[in-house]
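Questions regarding the structure given below will be posed in turn.
Heavy atoms only: backbone and side chains are in, while hydrogens, waters and symmetry mates are out. Residue numbers start from 1 in every chain, and the chains themselves are labelled A, B, ... in the order their sequence lines are given, proteins ahead of strands.
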There are 2 protein chains.
Amino acid sequence: MNVSALEEYGLRCAVRLAQARQNPDKNSLSAPEIAELEGLSVEYVSKFMLHLKRAGLVNASRGVNGGFSLAREPSEVSLASVFEALGGKRKSSEEFCSSYAGRSESCVRLDGCSIRPFWKILSGYIDEFTREMTLQDLLKGEQETLLKTEEIARRNVDQIREQIRAERLGKQVT
Amino acid sequence: MNVSALEEYGLRCAVRLAQARQNPDKNSLSAPEIAELEGLSVEYVSKFMLHLKRAGLVNASRGVNGGFSLAREPSEVSLASVFEALGGKRKSSEEFCSSYAGRSESCVRLDGCSIRPFWKILSGYIDEFTREMTLQDLLKGEQETLLKTEEIARRNVDQIREQIRAERLGKQVT
DNA sequence: TTGAATCCAGACAAAAAAGTATTGTTTCTC
DNA sequence: GAGAAACAATACTTTTTTGTCTGGATTCAA
């Protein structure tokens, strides 16, 4: 349940590009520039950028004045899409169960699992969070980030309430 | 941002012990028994249990009728304490920044970081979640888990609002 | 047209996490 | 007391993640 290096560094690079985009003179950054800004090696940064490019999030141009630029508006780039582009896809509930099946064919706990509901809620919140947040949101500063966060958290509570209601109805029918 | 094997399997083993505790005849389980129940190797389970024991969460007894039993009431064992015992401690905000410093001495973004507030909120929610949830909660079933979840989520919203308010006041003073 | 700066791609190396194997110690039962 | 069943501890192997290195290919400018 920790942030991976991929997620952290990749997101930082994306944010740099989002910032650069707001610069009227020069809205692209080269790998060496990003590396310098972030204190990372050029090779490492290049690796991230390649992934982002393949996913269509970033445009690249070669040559002496080349570099990378964000392909879309920062407000149109969710953090989830960045993470996905980087290859560090989060496991869905099903993938999760099958990947932690231990030695058995499928998870021993498929019915009556007491842990899954817990992970599911937590995981759902994280997904919601990363899907709703965009590069633009991050650029706006802490105060704005907090406001957006509150909105997401509030909606999350509503969703949980909805689930509780649904569960209750299901119970009554049975 | 994925659950580690340590967290998943370790928690499962702890839940098994919490279940066993409710059994009046036999409130302990041996490593082979847990391994069988969870579809894991005995050696692997033993490794988890050793950690849980060292952290004082679990009592162990050797010999032919030996095994492990939960040292406290399931309602007194938070998921956070289980995870911590297993060694997979979550990074605090400070640890986080220093561990992803790249090649520099400290993180390049220490002031005016646009990403930290985001991770901080998300991380705070996860921490809150794992601290509040206990083994007892997991045993109660999905419906109860959801109710507790809603409570935590609601409190989370309040905390965010509090932060927003504090931030606003801070801004005004400056 | 030559060279420098850049992206592109995959192989490679190092470190961490996941999982196994081995050897020993304790406890119970017969 | 001997043997079986269990925990204890650590070393070892495998896999995944993290990060580097190397050898291109493309573009621009002098």
May I have the distance from B:R103 (atom CZ) to D:dT18 (atom P), rounded to whole angstrom?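 One finds 17 Å between P of D:dT18 and CZ of B:R103, rounded.
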Would you please confirm or rule out a distance under 4.0 Å between OP1 or OP2 of C:dT6 and any side-chain N or O of A:N65? no
Parallel, tilted or perpendicular, as decided by the 30° and 60° cut-offs, for the rings of A:F129 and B:F118: tilted
Remember a base hit wins even if backbone is also touched, and classify A:S41 as base, sugar-phosphate or nothing at under 4.0 Å, heavy atoms. sugar-phosphate
Once you apply a heavy-atom cut-off of 4.0 Å, does B:K47 come out as touching a base, just sugar-phosphate, or nothing?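 Answer is base: heavy atoms of B:K47 come under 4.0 Å of a base.
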Write down the atom of A:L86, the atom of A:L6, and the distance for their closest heavy-atom approach.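 Minimum heavy-atom separation between A:L86 and A:L6: O-CD2, 3.2 Å.
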Within the structure shown, what part of the strands sits under 4.0 Å from A:Y100 by heavy-atom distance: base, sugar-phosphate, or nothing? nothing
In terms of the angle between their ring planes, are A:F48 and A:Y44 parallel, tilted or perpendicular, with boundaries placed at 30° and 60°? tilted
Just the rounded figure in Å: distance from P of D:dT17 to CG of A:L86.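 One finds 14 Å between P of D:dT17 and CG of A:L86, rounded.
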Would you classify B:Y9 as touching base, sugar-phosphate or nothing, given that sugar-phosphate means primed atoms plus P, OP1 and OP2, and contacts are heavy atoms under 4.0 Å?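 Contact class for B:Y9: sugar-phosphate only.
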A:R54 vs C:dC8: side-chain N/O to OP1/OP2 distance below 4.0 Å: no
Is A:R62 side chain donor-acceptor paired with the C:dA5 base, going by distance under 3.5 Å alone? no
Pick the closest DNA chain C nucleotide for B:Y44 and for B:G63 by heavy atoms, then say which residue is nearer the 5' end.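 Nearer the 5' end of the strand: B:Y44.
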Among C:dC8, D:dA29, C:dT20, which nucleotide has an atom closest to any side-chain atom of A:A60? C:dC8
Any idea which of D:dG19, D:dC7, D:dC28 is nearest the A:A5 side chain? D:dG19
Heavy atoms under 4.0 Å, any strand shown: does A:S30 hit a base, just sugar-phosphate, or nothing? sugar-phosphate
Can you check the A:I34 CD1 to C:dT6 P distance for me, whole Å? 12 Å
